[in-house]
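Note sheet for the following structure.
Lettering follows sequence order; numbering is per chain, from 1.
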Amino acid sequence: MNKVVLGVGLAIAAPLLGFLAANMDRKPQQIASPLIGKKAPPFTALDLSTGNTVTLASYQGKPLVLNFWASWCVPCYEEHGTLVRGAAQNPDTTFLGIVYEDEPERIAQFLKERGTSYPSLSDPDGRAAVAYGVYGVPETFFIDRTGTIVNKFVGPLDPASLSSNLAAARR
Amino acid sequence: MTIRLLALSLVAAAAVSASSQESADDFRAILGPPASVAVAPNLVESHAYGIASKLRCPVCQGVAISDSPSGMAAKMRSQVRDLVAQGYSEEQVFSYFERSYGEFVRLDPPARGVNWLVWLLPIGVLVGGACFVAMRARTPQIVVPVAGPQGSEIDDETRAYLERVRRDSGV
């Protein structure tokens with residue numbers, strides 16, 4: 001009888017432990033975004049360079065690269081050059097930065113020191129970040145010309161990843 | 001430089017108070033019209049707290065946004081309050097966050113699909129355990145007679161005592 005009890009116990013516990021062990025290293029950021037393949041959520045934000053209120057609709061009709069970033073985020077420093085060059089080399093695509101949990105002075109300092117070739121938007125109440133399911137920065141969304149999200153890239157963008165995701169957004 | 005920083009601060013301050021109508025429009029574009037009537041202003045906070053206690057903070061470890069000190073959780077709480085004040089139902093608020101973060105954002109997974117396992121497995125294990133214990137209790141126990149001491153091993157005093165017991169008990 002003890003062997004039966006042990007067998008039943010193992011049959012219940014082993015799959016549960018296996019499931020837990022297999023998912024131990026998974027981070028929430030790696031959960032596939034439910035927004036892929038869906039219409040990009042609308043947002044209203046402020047263009048930090050012009051002070052104008054802008055909406056997602058203002059940019060539709062062209063592929064869009066939407067990058068959530070912050071000046072306190074080290075990987076954002078790493079990818080900034082890739083994005084600046086990418087925006088300059090791809091005039092058929094709109095690049096937008098959305099600032100995540102940051103101070104305007106620090107943003108200004110960052111952009112002054114490193115330069116930029118595309119607008120950055122302020123999202124002080126986090127509506128855009130929540131609407132896009134942002135877990136942290138940097139996260140970049142690639143949106144095609146119909147306004148559908150084709151991919152979400154988590155972490156610092158490198159030129160190869162930018163290029164392949166841009167190709168997908170242009171299809 | 002100082003003037004530029006001042007200008008940026010003003011822009012950011014303006015962003016904080018970005019038109020609530022535009023934000024309401026963004027909510028409506030995502031969720032459709034509110035399903036319920038707007039909650040009375042004095043009840044918004046408690047109603048919103050109840051909903052926030054069931055939403056996971058995406059940048060924390062298994063903590064509800066109602067209990068998290070993070071900036072992201074504070075922004076999500078503020079959005080829950082806005083949605084409640086505008087008359088969105090609890091289920092609409094959940095679906096707003098679920099749309100961007102997936103089911104992960106709910107601390108209580110809804111009872112559907114594979115989630116049924118979470119609800120049913122503990123009950124199944126409990127019922128199975130109870131059945132097992134009940135079956136064990138009903139099974140007649142076989143008493144293996146233990147060999148008593150042989151006659152020659154009993155001393156005279158014990159033999160006399162046993163004799164008295166037999167006599168007294170009428171055996």
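Heavy-atom distances place no part of Glu103(B) under 4.5 Å from chain A, backbone and side chain included. Contact annotation for Val105(B): neither backbone nor side-chain heavy atoms come within less than 4.5 Å of a heavy atom of chain A.
Put simply, CZ on Arg127(A) and CG on Asp82(B) are 4.5 Å apart, with the number rounded to the nearest 0.5 Å.
Of residues 70-81 of chain B, those residues with a non-hydrogen atom less than 4.5 Å from any non-hydrogen atom of chain A are, in numerical order, Gly71(B), Met72(B), Lys75(B), Met76(B), Gln79(B). By a heavy-atom distance cut of under 4.5 Å, not one residue of residues 43-51 of chain B is near chain A. Residues of residues 9-17 of chain A having a heavy atom under 4.5 Å from any heavy atom of chain B, listed by number: Ile12(A), Leu16(A).
Side-chain atoms of Tyr101(B) never come within 3.5 Å of backbone atoms of Ala131(A) as a donor-acceptor pair (strictly under, hydrogens ignored). Between the side chain of Ser100(B) and the backbone N or O of Val130(A) there is at least one donor-acceptor pair closer than 3.5 Å.
If you tally non-hydrogen atom pairs under 4.5 Å between each of Ser33(A), Ala45(A), Gly126(A) and chain B, the highest count goes to Gly126(A). Of the listed residues Val134(A), Val8(A), Thr55(A), the one with more heavy-atom pairs under 4.5 angstrom with chain B than any other is Val134(A).
Under a hydrophobic-cluster definition in which Ile, Leu, Val, Met, Phe, Trp and Tyr are linked whenever side-chain heavy atoms come within less than 4.5 Å, directly or via other members, Leu157(A) and Phe68(A) are assigned to different clusters. Hydrophobic clustering (side-chain heavy atoms under 4.5 Å, transitive across Ile, Leu, Val, Met, Phe, Trp, Tyr) groups Ile98(A) together with Tyr100(A). In terms of hydrophobic clustering, with Ile, Leu, Val, Met, Phe, Trp and Tyr side chains grouped at heavy-atom distances under 4.5 Å, Leu56(A) and Leu121(A) are assigned to a common cluster.
Take Glu163(B) and apply the salt bridge (charged side-chain N to carboxylate O under 4.0 Å, His left out) test, not counting sequence neighbours, and it matches Arg166(B).
Residues Pro41(A) and Asp26(B) fail the side-chain proximity criterion, which asks for heavy atoms closer than 4.5 Å.
Residues Gly102(B) and Pro34(A) come closest through the heavy atom pair N-CG, 3.4 Å.
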